[in-house]
Structure formats: structure tokens, C-alpha cells
Amino acid sequence: QVQLDESGGGLVQAGDSLRLSCAASIRTFSGYVIGWFRQAPGKEREFVAAINWGGGSTSYADSVKGRFTVSRDNAKNTVYFMTYLQMNSLKPEDTAVYYCAAGRFFSSLRSQNADYWGRGTQVTVSS
């Protein structure tokens, strides 16, 4: 079963920080771009950030630039690698279910045509 496992969500106050993690099988996702998306209640899912396999290229939505940082650790162990979304200066409008996803290209992820999706983790930011 192909899996992307998100973790790290929770309830925080405005201005706080939170780091989300996404665990993925190296065997399955080697070479993939990993992206983060979010969906707030009553809204469409939107792209947040993405990072390529080597970690040298990233892409961000304008709404999170300067506050969120995507990174990855491909050498954490021999089975899984981790992709992170560090979220700083959180705002109530950042409240959403956050998903990680995998795709072959940045362009496909930005258009939400990911090949695989995680189940999501809830982030709630109180004012």
C-alpha cells in the first residue's frame, strides 16, 4: 500500500509555530517532488509548498512565502525519508487540513495533479 504519512498538526495560537512532517517510502517515492497542500472548511484545496528530490528547488504559494519553509531529509534512514513544513507566524486563516502529496513535477503539483496523497493532519490556529 502506497503511503504518505503526515503528522505534527495541532491547535496553536496566532503567532505560534508548528512543524508538519511527511514520511514516505524511499523505495516508492525516490525522485518524486513532495508537496504540501491545505483545505480549509468550505474552501477548495490549495497548493502551499513543494520541494524536489534533492532539496535544491522549492516552490511556495504567495500566501505563505516568508512564513513557511519546506525541507526534506533523505538520509534519515534507509527505508523512509521525511519532508517537513515549518510554519511560523501562524494566522487564523492558516487553519486547514494539511496534506502532503507526491508527483513527478512541480508543475503537476501546482495544478494539484499529484500521483499520491496523504490522509491529512489538522492545523487549527486560534486568534
Q: What are the two closest non-hydrogen atoms of Ser25 and Tyr80, and how far apart are they?
A: N-CD2, 3.7 Å
Q: CG of Asp16 to CG of Leu11: how many Å apart, nearest 0.5 Å?
A: 9.5 Å
Q: Is any side-chain heavy atom of Met87 closer than 4.5 Å to a side-chain heavy atom of Asp94?
A: no
Q: Closest heavy-atom contact between Ala114 and Leu109?
A: CB-CD2, 3.6 Å
Q: Looking at CG of Asp115 and OG1 of Thr28, how far apart are the two atoms once the value is rounded to the nearest 0.5 Å?
A: 12.0 Å
Q: About how many Å separate OG1 of Thr58 and NZ of Lys65, when rounded to the nearest 0.5 Å?
A: 9.5 Å
Q: If we ignore hydrogens and angles and just use 3.5 Å, is the side chain of Gln39 paired with the main-chain N or O of Ala96 as donor and acceptor?
A: no
Q: With rounding to the nearest 0.5 Å, note down the distance linking CG in Asn52 to CZ in Phe105.
A: 12.5 Å
Q: Indicate the ring-plane relationship of Tyr98 and Phe68, choosing parallel, tilted or perpendicular according to the 30° and 60° boundaries.
A: tilted
Q: State the NZ-OG distance between Lys91 and Ser127, to the nearest 0.5 angstrom.
A: 14.0 Å
Q: State whether the side chain of Ser30 and the backbone N or O of Arg27 hold a donor-acceptor pair below 3.5 Å, judged by distance alone.
A: no
Q: Please find the pair of heavy atoms, one from Trp36 and one from Cys22, that lie closest to each other, and give the distance.
A: CZ2-CB, 3.6 Å
Q: Please evaluate residues Arg38 and Glu46 with respect to the criterion salt bridge (Lys or Arg N to Asp or Glu O under 4.0 Å), reporting the C-alpha separation (whole Å), side-chain torsions for both, the decisive distance (0.1 Å), and the verdict.
A: CA-CA 6 Å; Arg38 66 186 182 187; Glu46 63 175 351; 2.6 Å; yes
Q: Say you draw a straight line from CD of Glu6 to SG of Cys100; how long is it, rounded to the nearest 0.5 Å?
A: 4.0 Å
Q: Which heavy atom in Trp117 sits nearest to a heavy atom in Ala101, and how many Å separate them?
A: CE3-CB, 3.6 Å
Q: Heavy atoms only: give me the nearest Gln86-Ser17 pair and the separation to one decimal.
A: NE2-CB, 3.8 Å
Q: Counting only N and O atoms by type, is there a donor-acceptor contact under 3.5 Å from the side chain of Thr95 to the main-chain atoms of Val125?
A: yes
Q: Taking C-beta and beyond as the side chain, do Tyr116 and Phe29 meet within less than 4.5 Å on heavy atoms?
A: yes
Q: Side chain to side chain contact (heavy atoms under 4.5 Å, CB included), that's the test. Do Phe81 and Ile34 meet it? Break it down for me.
A: CA-CA 11 Å; Phe81 67 92; Ile34 300 296; 3.9 Å; yes
Q: Would a distance-only check, ignoring hydrogens and angles, find a side-chain to backbone donor-acceptor pair under 3.5 Å from Tyr60 to Val70?
A: yes
Q: Does Arg104 qualify as a cation-pi partner of Tyr32, given the criterion of NZ or CZ under 6.0 Å from the six-membered ring centre and within 45 degrees of its axis?
A: yes
Q: Where do Ser21 and Met82 come nearest, in terms of heavy atoms and distance?
A: CB-CE, 3.7 Å
